[in-house]
Amino acid sequence: MELPVRYREVLFFFYYEERSIREIAKFLKKKESTIGSRLAKARALLKEKLEQEDAENER
């Protein structure tokens, strides 16, 4: 399971480095709204991929 880098990096900074959206935006030189959108999309993609893997494992 692999997410595109633009989504992996925001998940990493937000959850593993415990950075705020503001800090991530400053570091990546992006708008806070962009980081918020990427974080939301990353969560949705991760959920979808995990559900897909779970369904495959149930077969």
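Partners of L45 according to the side-chain contact (heavy atoms from CB on, under 4.5 Å) rule, which considers only residues two or more places apart in sequence or in another chain, are L3, Y7, K41.
Contacts classified as side-chain hydrogen bond (donor to acceptor under 3.5 Å, both in side chains) and involving residues 29-39 (residues at least two apart or in different chains) are given here: R22-E32. Listed by first and then second residue, the ring pair (Phe, Tyr, Trp, His ring centres under 6.0 Å) pairs that reach into residues 21-59 are F13-F27, sequence neighbours excluded.
A donor-acceptor contact shorter than 3.5 Å links the side chain of E23 to the backbone of S20. Using a distance-only test at 3.5 Å, with no hydrogens or angles considered, no donor-acceptor pair links the side chain of D54 to the main chain of L50.
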>> Let's go through R8 and E2 carefully: what are the C-alpha distance in whole Å and the side-chain angles of both, what is the deciding distance for salt bridge (Lys or Arg N to Asp or Glu O under 4.0 Å) to 0.1 Å, and is it a yes or a no?
In response: CA-CA 8 Å; R8 282 196 325 255; E2 186 153 327; 3.2 Å; yes
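F12 places none of its side-chain heavy atoms less than 4.5 Å from the side chain of R19.
Hydrophobic cluster membership differs between V5 and I24, with clusters built from Ile, Leu, Val, Met, Phe, Trp and Tyr side chains linked at under 4.5 angstrom.
Contact detail for A42 and V10: the closest heavy-atom pair is CB-CG2, 4.4 Å.
More than 12 non-hydrogen atoms from other residues, nucleotides or ligands lie less than 6.0 angstrom from CD of E56.
Note that CG of L39 is 5.5 Å distant from CD1 of I21, once rounded to the nearest 0.5 Å.
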